[in-house]
Amino acid sequence: PNTKQLKTQYGRCLDVLYSSKDDMAQVIQYDCHAGDNQKWDIREHDDKTISFISKNSGKCLDLLYSGKENGTQVQQYSCNGTAAQKFTIS
């Protein structure tokens, strides 16, 4: 798989809090390190969207409650193919 660390503009990495393997575990930015909770497999879909799967848990980066509003929290959740787990890069 295509495994990457996803870095913010502040030089920190997207990190599954406390290396949790649970659904609804919060994803935060944190100082980058070598932990699998900061490594994401990138899966491309036929519709040109991308999902990010945690190397630590096998769960997908997900918008909490499929939120569409500004400020929606990001979590990991069992991969289910919904729009809340599909992203584009522009």
Side-chain angles (χ1 to χ4, degrees):
N2 187 9
T3 304
K4 304 282 185 191
Q5 283 185 311
L6 304 177
K7 293 186 180 179
T8 68
Q9 282 186 263
Y10 304 109
R12 292 187 171 86
C13 287
L14 288 188
D15 177 292
V16 178
L17 190 61
Y18 305 124
S19 297
S20 176
K21 295 182 179 180
D22 296 334
D23 279 343
M24 300 185 79
Q26 189 176 8
V27 175
I28 61 170
Q29 68 172 345
Y30 196 83
D31 292 336
C32 297
H33 54 74
D36 283 348
N37 66 315
Q38 291 188 347
K39 294 177 183 170
W40 300 88
D41 293 332
I42 300 170
R43 181 178 300 151
E44 296 182 37
H45 302 284
D46 292 339
D47 63 1
K48 307 294 184 202
T49 60
I50 298 170
S51 292
F52 300 98
I53 298 96
S54 170
K55 184 172 172 83
N56 182 62
S57 66
K59 296 183 186 287
C60 284
L61 190 65
D62 180 276
L63 299 172
L64 184 66
Y65 302 121
S66 298
K68 298 177 185 176
E69 298 78 25
N70 288 334
T72 296
Q73 292 182 10
V74 181
Q75 63 181 3
Q76 72 175 5
Y77 199 82
S78 295
C79 298
N80 55 34
T82 63
Q85 297 180 350
K86 292 183 173 185
F87 300 87
T88 59
I89 297 174
S90 57

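Residues: numbered from 1 along the sequence shown.
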Taking atom CD1 of I53 and atom CZ of R43, what is their separation to the nearest 0.5 Å? 3.5 Å
Check whether any side-chain heavy atom of T88 lies under 4.5 Å from a side-chain heavy atom of I50, and answer yes or no. no
Checking N56 against S54 for the side-chain hydrogen bond (donor to acceptor under 3.5 Å, both in side chains) test, could you report, in this order, the C-alpha distance in whole Å, the side-chain angles of both residues, the deciding distance, and whether it holds? CA-CA 5 Å; N56 182 62; S54 170; 4.8 Å; no
Are V27 and I89 connected in a single hydrophobic cluster, I mean Ile/Leu/Val/Met/Phe/Trp/Tyr linked by side-chain heavy atoms less than 4.5 Å apart? yes
Testing the basics here: between Q85 and S78, what is the closest heavy-atom pair and its distance to 0.1 Å? NE2-O, 3.0 Å
What distance do K7 atom NZ and Q38 atom CD have between them, rounded to the nearest 0.5 Å? 9.5 Å
Short side-chain to backbone donor-acceptor contact, D36 and K55, under 3.5 Å: no
Polar side chain donor-acceptor pair, K86 to S51, under 3.5 angstrom: no
Steps toward side-chain contact (heavy atoms from CB on, under 4.5 Å) verdict (M24, L64): CA-CA 8 Å; M24 300 185 79; L64 184 66; 3.8 Å; yes
Is there a side-chain contact (heavy atoms from CB on, under 4.5 Å) between F52 and D41 once you walk through the steps? CA-CA 6 Å; F52 300 98; D41 293 332; over 6 Å; no
State, yes or no, whether a side-chain contact exists between V16 and S57 at a heavy-atom distance under 4.5 Å. no
Above 12 or not: heavy atoms from other molecules or residues under 6.0 Å from OH of Y18? no
Mind checking whether L63 and L61 sit in one hydrophobic cluster, side chains of I, L, V, M, F, W, Y counted as touching below 4.5 Å? yes
Rounded to the nearest 0.5 Å, what's the gap from CZ on F87 to CD1 on I42? Could you check? 12.0 Å
So, taking the atom named CG in L17 and the one named CD in Q26, what distance separates them when rounded to the nearest 0.5 Å? 5.5 Å
Does some side-chain heavy atom of H33 sit less than 4.5 Å from a side-chain heavy atom of D31? no
The complete set of side-chain hydrogen bond (donor to acceptor under 3.5 Å, both in side chains) pairs with one or both residues in residues 63-74, sequence neighbours excluded, reads none
Check C79 against G58 and note the closest heavy-atom contact, atom names and distance. SG-O, 3.8 Å
Rounded to the nearest 0.5 Å, how far does CG of L14 lie from CG of N37? 11.0 Å
Distance, nearest 0.5 Å, that separates CG of D23 from CG of D62: 8.5 Å
Do C13 and Y30 have side chains that approach each other closer than 4.5 Å (heavy atoms only, starting at C-beta)? no
In terms of hydrophobic clusters joined by side-chain contacts under 4.5 Å, are Y77 and V74 together? no
